Amino acid sequence: MDSWQELQLVVDKRAELGEGPSWDKINKRLLWVDIFGQKIHAFYPETGEQREWKEEAYVTSVVPVLDQGVVVTLPHGIYRVDLADSSSTLLAEVELDRLGNRCNDAKCDPQGRLWVGTMDRTERQPTGNLYRLSKAGPLRQVVSGVTISNGLAWSPDGQVMYYIDSPTHQVMAYDFDSVSGGIAHPRVAVTVPPQLGMPDGMTVDAQGTLWVCLWGGSRVTQWNPLDGQLLGEILIPAPNVTSCAFAGDSLDELYITTARTGLNAETLAQFPHTGGLFRVKTRVPGLPTQAFVQ
Ligand code: BGC
Ligand code: CA
């Protein structure tokens with residue numbers, strides 16, 4: 001089990017569907033979203049300042065862009081946004097012909113291509129897909145038959161991509177071709193026992209260990225992807241733990257998002273800070289958030 005200092009609630013936002021933390025190292029801020037609240041949030045650890053921007057639709061992920069600005073995904077599109085004046089440019093449309101779906105988690109690979117997955121809004125049908133967008137465009141479909149496209153991560157050497165379709169309860173591993181962005185040889189790296197919860201967002205530390213958030217599981221779990229063994233867990237006082245990312249100058253602060261959606265009044269009373277942004281210090285540093293390269 002990894003060691004950590006005490007878990008802290010850093011932003012008590014009570015987000016409906018807090019998601020998608022990413023570390024914007026240039027601006028020293030932790031970016032995250034409230035998908036159902038239609039907001040982009042930023043937390044500045046050095047000053048404790050918080051900012052938020054309201055969107056006109058669900059905003060399902062936010063990732064920094066290498067030089068300036070952010071890329072966000074809305075239900076059916078990928079946009080580059082300048083948070084200073086809220087101007088935006090459409091980079092790619094996503095499944096405009098499938099309104100029963102929406103975009104969900106997105107992340108950049110080590111070369112700065114954006115990967116975004118879609119999901120069935122009812123969370124039942126395998127109508128979703130996983131796409132890749134590189135600066136040369138266009139948007140390419142890479143995986144199909146997905147129900148709730150979720151966690152994405154790459155191994156420290158960049159040779160393996162990890163991917164979660166939540167209802168499968170599995171973390172899949174693929175050989176990753178850094179030159180083409182292609183993936184091959186899917187295999188199961190981790191199976192999360194259903195009684196623990198459903199795997200959602202994930203990240204990787206510098207040793208290649210996977211940190212997987214469990215929806216309905218009140219915890220972040222740590223796994224060895226080479227043998228599928230559970231190495232440790234961090235309990236979170238919120239049932240729906242959605243995603244996590246390493247941040248800070250030393251990349252040893254793990255930020256964790258949570259969600260209130262679907263919980264009844266009794267559970268919310270028991271876990272009043274559900275929907276907040278939490279943080280723990282880790283012994284092992286994580287891998288940095290990769291910015292989008294355009
Ligand atoms: C989705 C939620 C979904 C959850 C389940 C999240 O990434 O945005 O809509 O309920 O995953 O794990
Ligand atoms: Ca997610």
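Both ligands and their constituent atoms are indexed starting at 1 by order of listing. Side chains are part of it too, since the values below use all heavy atoms of this structure and drop only hydrogens, waters and symmetry mates. Computed from a predicted model, the values in this text were never measured in an experiment.
- Taking 4.0 Å as the cut-off, Arg121 does not count as a neighbour of ligand 1 on heavy-atom distance.
- Other residues, nucleotides and ligands contribute at most 12 non-hydrogen atoms within 6.0 Å of the NZ atom of Lys135.
- Of all the atoms in ligand 1, the ones that sit under 4.0 Å from a non-hydrogen atom of Asn150 are 6 (C), 7 (O), 11 (O), 12 (O).
- Residue-level check: among N/O/S atoms of Glu19, OE2 sits closest to the Ca ion (ligand 2).
- For a distance bound of 3.0 Å, the N, O or S atoms of Asn150 include one lying that close to the Ca ion (ligand 2).
- In terms of protein heavy-atom proximity, atom 4 (C) of ligand 1 is nearest to Asp200 OD2, 3.7 Å.
- For ligand 1, the atoms closer than 4.0 angstrom to any heavy atom of Ser166 are 12 (O).
- Listed by number with element, the atoms of ligand 1 under 4.0 angstrom from any heavy atom of Ile35 are 8 (O).
- Less than 4.0 angstrom separates some heavy atom of Glu19 from each of these atoms of ligand 1: 6 (C), 7 (O).
- Listed by number with element, the atoms of ligand 1 under 4.0 angstrom from any heavy atom of Asn104 are 1 (C), 6 (C), 7 (O), 8 (O).
- Per-residue contacts place Glu123 under 4.0 angstrom from the following atoms of ligand 1 (heavy atoms of the residue considered): 2 (C), 3 (C), 9 (O), 10 (O).
- With Thr118 as the partner, the side-chain hydrogen bond (donor to acceptor under 3.5 Å, both in side chains) test is satisfied by one option alone out of Glu95, Arg98, Arg102: Glu95.
- Close approach to Asp105 involves these atoms of ligand 1, each under 4.0 Å from a residue heavy atom: 7 (O).
- Of all protein heavy atoms, the one closest to atom 5 (C) of ligand 1 is Met198 CE, 3.6 Å.
- By the 6.0 Å contact criterion, CZ on Arg187 is enclosed, its count of non-hydrogen atoms from other residues, nucleotides or ligands being greater than 12.
- With hydrogens and angles ignored, the 3.5 Å screen pairs a side-chain donor or acceptor of Thr221 with a backbone N or O of Val212.
- Checked against the 6.0 Å centroid threshold, Phe246 and Trp211 count as a close aromatic pair.
- Per residue Asp200, closest N, O or S atom to the Ca ion (ligand 2): atom name OD1.
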